[in-house]
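Take a look at the structure set out below.
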Amino acid sequence: MSFTNSSLMGFLLLLSFSLIVSLSSGADTITANQSISGDQTISSKDENFELGFFKAGNSSNYYIGIWYKKVTTRTIAWVANRETPVSDRFTSELKIIEGNLVLLNESKSPIWSTGLNSSSSSSSSSSNSNSVIAVLLDDGNFVLRNGSNSTEPIWQSFDFPANTWLPGARISYNNITGRKQLLTSWKSMEDPAEGLFSLELDPIEKQYLIKWNRTTQYWTSGPWNGRIFSGVPEMRSNYIYNFSYVSNINESYFTYSLYNPSIISRFVMDVSGQIRQLSWLNATQQWNLFWSQPRTQCEVYDFCGAFGSCRQSGLPFCNCLTGFNPRSQSDWDLSDFSGGCVRKTVVQCGRTSEKYGFLEISSSIARKPPNSTSLPLSSSSECKNTCLNSCSCNAYSYENNACSIWNGELLDLTENSNEVMIYVKVASKDLPSNKKNNAVIIGGVVGSIVVVVFILGLVLFLIYRRKMKNPGKTSVEGSLISFVYRDLQTATKNFSEKLGGGGFGSVFKGTLSADNSDVAVKKLESVSQGEKQFRTEVSTIGTIQHVNLVRLRGFCSEGSYKLLVYDYMPNGSLDAHLFKDEKCLNWKTRFQIALGIARGLVYLHEKCRDCIIHCDIKPENILLDNDLCPKVADFGLAKLVGRDFSRVLTTMRGTRGYLAPEWLSGVAITMKADVYSYGMMVFELVSGVRNSEHSRKFFPMHAANVLIGGHDDVLGLLDPKLNGEANVEEVMKLCKVACWCIQDDEESRPAMSQVEQILEGVLDVNMPPMPRSLQLFVDNEGNDVVFYTESSSSQTSQAQSNPSSGVSQAKSDSSS
Ligand SMILES: *[C@@H]1O[C@H](CO)[C@@H](O)[C@H](O)[C@H]1NC(C)=O
Ligand SMILES: *[C@@H]1O[C@H](CO)[C@@H](O)[C@H](O)[C@H]1NC(C)=O
Ligand SMILES: *[C@@H]1O[C@H](CO)[C@@H](O)[C@H](O)[C@H]1NC(C)=O
Ligand SMILES: *[C@@H]1O[C@H](CO)[C@@H](O)[C@H](O)[C@H]1NC(C)=O
Ligand SMILES: *[C@@H]1O[C@H](CO)[C@@H](O)[C@H](O)[C@H]1NC(C)=O
Ligand SMILES: *[C@@H]1O[C@H](CO)[C@@H](O)[C@H](O)[C@H]1NC(C)=O
Ligand SMILES: *[C@@H]1O[C@H](CO)[C@@H](O)[C@H](O)[C@H]1NC(C)=O
Ligand SMILES: *[C@@H]1O[C@H](CO)[C@@H](O)[C@H](O)[C@H]1NC(C)=O
Ligand SMILES: *[C@@H]1O[C@H](CO)[C@@H](O)[C@H](O)[C@H]1NC(C)=O
Ligand SMILES: *[C@@H]1O[C@H](CO)[C@@H](O)[C@H](O)[C@H]1NC(C)=O
Ligand SMILES: *[C@@H]1O[C@H](CO)[C@@H](O)[C@H](O)[C@H]1NC(C)=O
Ligand SMILES: *[C@@H]1O[C@H](CO)[C@@H](O)[C@H](O)[C@H]1NC(C)=O
């Protein structure tokens, strides 16, 4: 008996297995009498997407979701039952019941449904509801159709996005029902339930907003001006994406498509509170993040929760204030900081004030935590006492003769500049240094003096020993000086004179006491590397020396403090000379600057031991010495802040006009990305205006037109401040080189060594074809000009990036 039973079981198992296989291979449709359960899935026709049960990370909950089938790391693009997981996927099923798609849980209760009120199904005509089918399409849309011939979906997942915005989907506002289609972050990396961060459309201002807890706005795209969102000017050069905004009396929405449908790209409202755009990189088999807003993590409202503090420099971004613990350590470990922190020792009313002390936190005036109450008190000590004596007071601040008291939770605390001090009430025993009586303090002081003297002696002894072993070098790494943080603090007068804020951190002017020389000190933000790696990387940068590269003199690495010390360049950066009315570089200098930068880049690209891609060539990163000789700054830093270049992009600010198109397409970045940025900058050397800021024309296109058209008004391209005083041949040469550098196809761009040779007069240059992406820019009347000429451009070996095939495919897709 038992034998037959088990063989029957085996047969059933085999049967169910073959059922799974038959469903998961091929089928893209769920019909009225089919269901999805266990490991069964359906796949879209071209196998782009797959739908079935999944679980996120280590959680034991299962959800119905859609993921990319061709992407090797499981990436969920849509979730059905975000709030209502099941724990056993084999006894749960997704099926069509009376014209609706319904998810039944283990006890066959409906826990998620498409929730349609079909008038026909209520008339219990079973033939009608039988005709309803669910199809997973190749764009990732899961649609419910009334009969296989019907094209209008009666329900579609694109109308109910989770955290991902796929090409072809819309983020919309329905003007009739008032319904907003939100993109909502997951709660944590393991929980797709709705998190606190959401992206929505504001149809009045025609802009996108990111909000915290659906109410507090902390980012906006800026209004749509017909072509771009004003706060997202980099859209202008996105020729890979076809964005459009539609607004009529019924609805407003924004949508996009890809000209080349083989590119896999998505927007996601991330658990970090940032909207991110990622492309799948075939070369590395990774998602490549190339755009995200807000730019830095701490700009996200209340990212670290109540009594948490966000610090941009140094990972992790979120820490509980001293005296506080995470409300939920497990959530915290999953990067869900929304729960914030709670006191280790609860503040109790009616106790004497001596039990409490204050923790000093620096904040900026612009980003003071919300929900404070102002009190008319005339001194800091009154303000402090008021807080001490009120048991609901959690913190106070006193600035500009105004006392602010926080009675509720302290939200959105970002530690940065020293503009305002916020004093957080903490039980004395949880404070780091208890203020004991004077005797103890004196004892402590004496004790620490002894310790300091001892350490000093030890250090001197060590230095002496090193000198004996290695005369001439004190604490030196290669040829670099290893600085002490305290010394740099003194040299920069406590970082008071800011020279600029680059992509990797702010730069301050300083004077070294040793030789009275001026230096530029860069405070690196969010260095993710360990101590040893950091030193290795820095000493590599230290060996890179060239007359057209800014020299690194030393560094400092103390705990989370990571600083680099460079030669100080008295003439500042190129942008300050180029774009200011009161300054004017003559033509000869401009030409020499173009040549000098080319030489610096040739060195980085071809002459160093490891080829270095700069990734952020722009006028801000070109410094000028006393003789206006250009020096490239900020090279080699990408590795310091993270392995992949994506971090570079998310941390840079003014790079919009200089970004090569391949950054957006998801292919690996090569040296030719620098060549592109160089070309864009050379156009600016000629015109004296940022390419993105010409009022009526896009300068590179204008210049290329003038040169291609054989117009003789080449000098008309010139910066008007030069009054036509320039060498015509050189102007033409620079414009041609620039146009060659900004070809869409990186293979078509020259190497920097070729550029150098042309500028030196060793090599000749013909007029290169007009880059296709330029043809997408606006015309003189400010209208969108979209034309796809095959042009004279010889389509070289790069068949897969053939633009015209991409366009025609996109068109045929949209017609289906
Ligand atoms: C499923 O339903 C279709 C029509 O609704 C019918 O033709 C088919 O026989 C059914 N299949 C099974 C296995 O019941
Ligand atoms: C899942 O759990 C294992 C072991 O408990 C752990 O090593 C792993 O890091 C966890 N994965 C995630 C994504 O949390
Ligand atoms: C299924 O859902 C129903 C309704 O929500 C619930 O009462 C029931 O406990 C669930 N069953 C299981 C096994 O979770
Ligand atoms: C469906 O119908 C019920 C009652 O007929 C109504 O309360 C509900 O709002 C309707 N739902 C939708 C989505 O139209
Ligand atoms: C489906 O189509 C049939 C005929 O075209 C129609 O009678 C029925 O009402 C439709 N059902 C739904 C749910 O829209
Ligand atoms: C659906 O289309 C096919 C062919 O296009 C046709 O034979 C069939 O009759 C159509 N079915 C319905 C219900 O219209
Ligand atoms: C979000 O807002 C709701 C009210 O809309 C409130 O109940 C909830 O506590 C808020 N969440 C947080 C984390 O403050
Ligand atoms: C761009 O998108 C619009 C609106 O979706 C569409 O009409 C147009 O055909 C698209 N252009 C291309 C070249 O795909
Ligand atoms: C939305 O509808 C109202 C009238 O109901 C109309 O006044 C308004 O212009 C519409 N909004 C848009 C963006 O068309
Ligand atoms: C708005 O909706 C109405 C009713 O559905 C429709 O008749 C009209 O054509 C729509 N208007 C636009 C501009 O789409
Ligand atoms: C990436 O690889 C897949 C599979 O090999 C291919 O179909 C796709 O075209 C490639 N995408 C790009 C952008 O090269
Ligand atoms: C805190 O301030 C925000 C605005 O900054 C406001 O929307 C919210 O209601 C306030 N919460 C409390 C508890 O006062």
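Whatever order the structure lists ligands and atoms in, that order sets their numbers, starting from 1.
Nearest approach of Pro294 to Gln274, heavy atoms of both residues: O-NE2, 2.9 Å.
By the side chain to side chain donor-acceptor pair (under 3.5 Å) test, Thr75 is found to be paired with Trp287, residues two or more places apart in sequence or in another chain being considered.
If you number the atoms of ligand 3 from 1 as listed, the ones under 4.0 Å from a heavy atom of Ile111 come out as 2 (O). Remark: ligand 8 atoms within the under-4.0 Å shell around heavy atoms of Asn242 are 1 (C), 2 (O), 3 (C), 8 (C), 10 (C), 11 (N), 12 (C), 14 (O). Below 4.0 Å from some heavy atom of Ser244 lie the following atoms of ligand 8, by number and element: 4 (C), 5 (O). If you number the atoms of ligand 3 from 1 as listed, the ones under 4.0 Å from a heavy atom of Ser107 come out as 1 (C), 8 (C), 10 (C), 11 (N), 12 (C), 13 (C). Annotation for ligand 8: atoms under 4.0 Å from non-hydrogen atoms of Tyr259 are 12 (C), 13 (C). Residue contact check: Glu106 has heavy atoms under 4.0 Å from atoms 12 (C), 13 (C), 14 (O) of ligand 3.
Contact annotation for Val86 and ligand 3: no heavy atom of the residue comes within less than 4.0 Å of the ligand.
A heavy-atom separation below 4.0 Å is not found between Phe243 and ligand 8.
The structure places CG of Leu199 at 8.0 Å from CG of Leu209, a figure rounded to the nearest 0.5 Å.
Between the side chain of Ser37 and the backbone N or O of Ser92 there is at least one donor-acceptor pair closer than 3.5 Å. Remark: side-chain polar atoms of Ser252 are not paired, donor with acceptor, to backbone N or O of Ser247 under 3.5 angstrom. Side-chain atoms of Trp165 do not come within 3.5 Å of backbone N or O of Leu183 as any donor-acceptor pair.
For Phe267 and Tyr256, the ring centers sit closer than 6.0 Å to each other. The ring of Phe160 has its center no closer than 6.0 angstrom to the ring center of Trp78. Less than 6.0 angstrom separates the ring centroid of Phe243 from the ring centroid of Phe254.
A donor-acceptor contact under 3.5 angstrom links the side chains of Ser35 and Glu93, judged on distance only.
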Short N or O contacts of ligand 10 with protein, under 3.5 Å, listed by atom name?
residue, atom, partner, partner atom, Å
ligand 10, 2 (O), Asn250, OD1, 3.2
ligand 10, 2 (O), Asn250, ND2, 2.3
ligand 10, 11 (N), Asn250, ND2, 2.8
ligand 10, 14 (O), Asn250, ND2, 3.4

